[in-house]
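Residue numbering restarts at 1 for every chain, and letters A, B, ... go by the order of the sequence lines.
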Amino acid sequence: MIIAGRTFTSRLVVGTGKYPSHEIMKAAHEASGTEMVTVAVRRVDLSGKGAAALLSWIDRERIFILPNTAACYTADDAIRTARLAREAGLSNWIKLEVIGDEKSLYPDNEALLEATRVLVREGFVVLPYTNDDPIACRKLEDAGAAAVMPLGAPIGSGLGIQNPNNLLMIKDQARVPVIVDAGVGTASDAAIAMELGADGVLMNTAIAQASDPVAMATAMKHAVIAGRLAYLAGRIPKKPHAVASSPTAGLVTPGAPARS
Amino acid sequence: MIIAGRTFTSRLVVGTGKYPSHEIMKAAHEASGTEMVTVAVRRVDLSGKGAAALLSWIDRERIFILPNTAACYTADDAIRTARLAREAGLSNWIKLEVIGDEKSLYPDNEALLEATRVLVREGFVVLPYTNDDPIACRKLEDAGAAAVMPLGAPIGSGLGIQNPNNLLMIKDQARVPVIVDAGVGTASDAAIAMELGADGVLMNTAIAQASDPVAMATAMKHAVIAGRLAYLAGRIPKKPHAVASSPTAGLVTPGAPARS
Amino acid sequence: MIIAGRTFTSRLVVGTGKYPSHEIMKAAHEASGTEMVTVAVRRVDLSGKGAAALLSWIDRERIFILPNTAACYTADDAIRTARLAREAGLSNWIKLEVIGDEKSLYPDNEALLEATRVLVREGFVVLPYTNDDPIACRKLEDAGAAAVMPLGAPIGSGLGIQNPNNLLMIKDQARVPVIVDAGVGTASDAAIAMELGADGVLMNTAIAQASDPVAMATAMKHAVIAGRLAYLAGRIPKKPHAVASSPTAGLVTPGAPARS
Amino acid sequence: MIIAGRTFTSRLVVGTGKYPSHEIMKAAHEASGTEMVTVAVRRVDLSGKGAAALLSWIDRERIFILPNTAACYTADDAIRTARLAREAGLSNWIKLEVIGDEKSLYPDNEALLEATRVLVREGFVVLPYTNDDPIACRKLEDAGAAAVMPLGAPIGSGLGIQNPNNLLMIKDQARVPVIVDAGVGTASDAAIAMELGADGVLMNTAIAQASDPVAMATAMKHAVIAGRLAYLAGRIPKKPHAVASSPTAGLVTPGAPARS
Amino acid sequence: MHIILNGDSHELPGSLTVTQLLDRLQIDPRIVAVEVNRVVVKRDRYSGTVIPDGAEVEIVTFVGGGAR
Amino acid sequence: MHIILNGDSHELPGSLTVTQLLDRLQIDPRIVAVEVNRVVVKRDRYSGTVIPDGAEVEIVTFVGGGAR
Amino acid sequence: MHIILNGDSHELPGSLTVTQLLDRLQIDPRIVAVEVNRVVVKRDRYSGTVIPDGAEVEIVTFVGGGAR
Amino acid sequence: MHIILNGDSHELPGSLTVTQLLDRLQIDPRIVAVEVNRVVVKRDRYSGTVIPDGAEVEIVTFVGGGAR
């Protein structure tokens with residue numbers, strides 16, 4: 001997977017939140033084989049209680065860090081957060097989130113597009129979190145996004161890919177990598193995303209909140225490889241039951257052919 | 001729908017259990033437009049408390065009564081219950097149930113087949129409750145069943161039709177009516193069963209335990225008509241997104257035909 | 001269903017295109033029980049061949065006509081078309097479509113929002129065709145849309161409701177009617193849309209291109225009633241198989257509980 | 001996975017038919033990491049054309065050979081074939097198939113049970129191919145089957161697991177290994193089978209008929225590992241959209257539990 | 001005299017026919033079926049069938065129930 | 001005089017009002033709408049609106065179409 | 001002498017044991033199984049089993065096949 | 001001197017540069033970013049940037065978080 005000229009061997013991008021401990025996070029990152037993790041930007045805790053610095057738990061020799069603008073609800077907030085993230089010295093990449101609704105955590109595509117345009121002009125490598133709308137993805141790409149990151153299902157829902165048809169449409173038209181961001185609940189969900197043609201998958205809760213995050217991280221590593229290989233290998237066609245003697249035979253499950 | 005020479009205008013068969021009251025049951029039966037209801041056979045309550053006789057709440061002018069062998073776990077029990085039901089004077093029809101497992105309430109097809117053979121020989125009109133196995137359905141038909149009643153999902157589960165492909169296979173081969181028995185949860189489930197080609201649908205919990213049984217009974221009446229008409233009307237084919245230049249074009253979408 | 005103060009007894013809105021003949025269209029409209037049909041705006045044919053005027057085939061005593069801006073690809077085009085439609089004298093209602101992509105026929109939500117704002121200011125009753133994005137729907141509502149019309153699946157695809165979760169989210173927040181527009185293929189799809197809480201369903205191809213459009217129109221009438229009643233009646237809960245002795249028992253189908 | 005006291009490190013069982021060539025079969029077997037392959041029993045070709053002996057293309061150091069009774073339509077045929085297979089000297093294991101219908105290739109459970117009883121008495125290690133009926137699986141287990149092999153979908157259909165609920169029920173009660181046999185089309189299908197708790201997966205067409213069988217075999221190796229680990233890791237619960245104030249909250253989403 | 005009636009032991013004053021038993025129990029014969037020692041008694045044999053001492057008697061009727 | 005009518009060039013004998021144009025084209029004014037140079041002409045202005053030379057004129061009506 | 005071999009009629013020069021038959025057919029005995037008149041012949045009985053005239057003989061081996 | 005630091009009011013002994021503020025707060029400058037009055041301060045300007053009285057100052061760092 002190549003994004004903005006940078007090559008990633010692993011197609012699995014993971015988060016850094018909601019783990020039981022930093023130790024488990026580190027072990028899960030290693031087990032997942034990931035080469036890119038995303039981190040949030042927040043105010044330093046001034047209470048004196050030096051929280052263990054997150055970055056010290058990430059193996060930066062092997063893992064690229066992708067700051068994000070999680071919890072930003074306007075284009076301005078997201079732009080400001082992106083600038084701070086860049087100045088914190090990691091890179092000029094940003095996982096751009098502009099949340100439209102606190103409950104669903106769905107993106108505000110209008111504000112997202114605006115922020116993408118501004119940040120691309122300022123030289124950022126922008127990876128926007130968007131919904132699974134092919135039109136929004138095309139516009140983000142036209143605005144200079146280095147990848148598009150459509151959601152598979154609501155963040156943290158674990159529902160899996162809700163609308164495979166949309167992902168097919170998005171991938172079919174995209175000239176930048178498509179990374180499914182949010183919605184994965186278990187390994188097969190990641191495999192399905194890859195089988196639909198996604199270039200990568202981003203997940204956090206599915207690993208961090210599993211009963212055994214390290215085992216789940218290993219599962220996800222295998223699932224992404226499995227899904228990618230299956231996509232490339234060319235699966236057998238599906239053969240639903242063919243209803244005899246009908247012009248629409250087998251076309252439609254669970255629909256049915258016309259009878260007189 | 002013609003079963004054993006008897007014509008039913010309504011394709012909806014309903015139960016008589018689990019209603020909040022006999023009054024509501026009667027109103028729901030009327031709202032559903034049903035012409036056949038199924039009743040269980042149980043020991044008379046000798047405690048003196050004359051439970052309101054069920055049959056007095058059923059409009060036998062319009063509704064045919066189909067006794068069942070619910071709660072029988074062996075072929076012998078089911079056969080004995082069927083004989084008692086016949087002697088109770090309603091008819092020689094029997095909805096044959098031989099339960100294989102208390103938890104799932106799935107049928108024991110082996111015992112069911114045995115009981116079907118015996119009862120058909122004794123002149124019963126046998127309507128066996130079976131699972132959605134095309135081979136079992138064919139054997140029941142060969143044994144003389146007047147209809148086959150495959151389950152859509154576990155009894156009382158409300159999960160809807162779990163395996164549409166199996167129903168298509170069953171219907172495709174059947175020369176007797178196919179009535180989906182069990183698993184319907186809401187109106188669209190009944191419509192789907194009919195769109196798959198089922199000749200009728202039998203349900204109890206979905207109506208009796210709805211918040212408003214009479215409204216749900218009305219919904220089911222419309223749903224069965226809708227599904228049947230849609231089946232006859234010949235639906236448009238499904239057109240999943242066609243991926244232009246891929247060897248796996250369109251294949252990966254759940255429910256997609258092999259070639260669109 | 002009340003939209004902009006106008007009450008519709010039927011919750012089914014249908015189209016006027018792709019019928020085998022005007023006669024069949026008229027019969028299908030009648031069979032469907034619809035009280036609102038949508039019509040496109042096009043240049044008059046000047047070739048002298050007076051095409052049978054569409055409007056003469058619509059029973060305007062019983063059916064309200066909703067002009068649309070189909071085939072408009074920019075906000076400007078859609079606005080201009082809406083103004084023409086109003087001047088043609090039927091009403092100030094408009095089914096607003098701004099198409100973003102010729103292949104998918106998905107809406108361009110950014111341009112749609114812009115056109116909605118302009119037309120609401122000009123006094124139109126705007127019913128925008130949008131995708132199933134809760135954030136877009138909320139913004140359209142905030143912009144003054146009289147209803148929101150999220151798609152269930154691509155126009156003409158017949159795939160049915162692709163993302164029920166999105167529709168639940170949209171309906172949960174909406175203060176204007178939600179009409180599922182596009183994607184219905186057969187009766188159960190319409191029932192499902194209504195069971196999810198939609199206030200209405202709009203369809204064209206599913207009826208017009210069915211083998212028997214009039215039968216399918218009747219099916220759809222029943223399906224919409226069935227789905228609405230089932231929604232109001234309060235369905236029974238779904239009970240997937242409960243796996244014994246597990247803290248996550250029954251939570252997750254097709255996922256699975258943790259084991260040691 | 002331990003069957004009849006024999007331990008298999010790999011949970012993937014594969015077939016030996018329908019490959020483009022023996023060379024590709026051998027490479028696919030190796031890529032899949034399988035430790036058990038199934039072979040059919042057929043009359044020797046007496047035409048003099050010494051077909052390359054299948055067994056010479058199987059690495060018997062690492063791969064256990066499981067003869068099957070494919071294409072047998074009666075208990076007698078299957079029993080006779082099993083006896084021949086045993087005498088051919090590989091082992092006393094048999095993948096027992098008694099086909100009930102040429103079109104669906106579904107098992108005849110009645111005959112299957114009879115053949116299982118006979119062969120178990122004769123000392124065979126019997127692995128019966130059955131449908132996804134929990135009652136049939138329990139009876140096969142009671143008859144002495146060393147594992148049960150329910151189908152996920154029709155043989156060769158590539159439809160994936162059609163009824164996850166049935167597999168959950170089967171696994172929940174089984175005291176012998178459950179191996180999903182037939183129906184897998186792509187990697188995610190295998191992962192789903194394992195996530196449902198299956199002990200193993202058997203497939204042939206999905207690998208042999210893929211555009212690139214070796215790549216698909218590798219995909220399947222990873223998918224089975226991924227699914228197994230995800231099962232053990234304990235996935236996060238699914239959280240469908242919760243509808244605030246509705247009696248039917250969250251119920252209507254396909255696959256959603258009643259309460260999450 | 002003693003019989004097993006619907007699973008419970010039951011004392012009778014003496015030898016009874018099915019008709020007499022139903023009458024004694026105040027049960028309308030039109031909506032029940034009767035088994036004596038696991039054999040169904042035809043409706044037109046009620047008055048001619050004497051229940052033997054120690055018999056297992058089942059009297060059943062129809063109650064609500066369907067696909068649960 | 002020359003106008004662009006529904007995308008095609010069209011010759012007119014001279015200066016016409018919208019009413020006159022519709023009449024000449026035998027179009028029933030009740031079921032169409034008219035745009036002159038991208039501005040909708042109100043129905044009650046048809047007789048008072050003179051179409052300028054070189055104008056782009058659009059005459060539209062309703063046809064079948066819905067969610068395709 | 002005449003037998004039915006794998007479904008087809010087959011002429012033999014005279015009475016043969018299973019071992020001799022396999023040898024004549026140039027079949028490696030290690031990867032086949034043999035049935036004579038629907039009864040499996042144990043491998044260690046090949047040399048002692050004489051095929052009767054008119055016998056139905058089946059010689060089978062393993063071929064590719066799985067869950068199709 | 002008074003500033004708003006990460007949303008809370010904060011007293012300073014006098015005029016400070018960004019470098020001095022971080023030092024005073026014992027914050028490693030390598031893993032934070034600083035905004036003064038909503039403008040990001042470039043890292044190489046820390047020592048030259050004096051924080052004005054009443055300024056809104058934000059000091060941020062990276063914390064765990066992803067697609068939640």
Would you mind checking which part of B:Pro154 comes under 4.5 Å of any heavy atom in chain D, side chain (CB onward), backbone (N, CA, C, O), both or neither?
side chain
Select one option (side chain, backbone, both, neither) describing which atoms of D:Asp108 are under 4.5 Å from chain B's heavy atoms.
both
Heavy-atom distances under 4.5 Å only: say whether D:Asp101 touches chain B with side chain, backbone, both or neither.
both
Please round to the nearest 0.5 Å and tell me the distance separating atom CG of B:Leu12 and atom NZ of B:Lys221.
10.0 Å
If the test is side-chain contact (heavy atoms from CB on, under 4.5 Å), which one of D:Val120, D:Leu119, D:Leu127 qualifies with D:Leu96?
D:Leu119
Test side-chain contact (heavy atoms from CB on, under 4.5 Å) applied to B:Val14 and B:Thr38, B:Ile207, B:Val201, the passing residue
B:Ile207
Closest non-hydrogen atom pair between D:Asp189 and D:Ile161, with its separation:
O-CG1, 4.0 Å
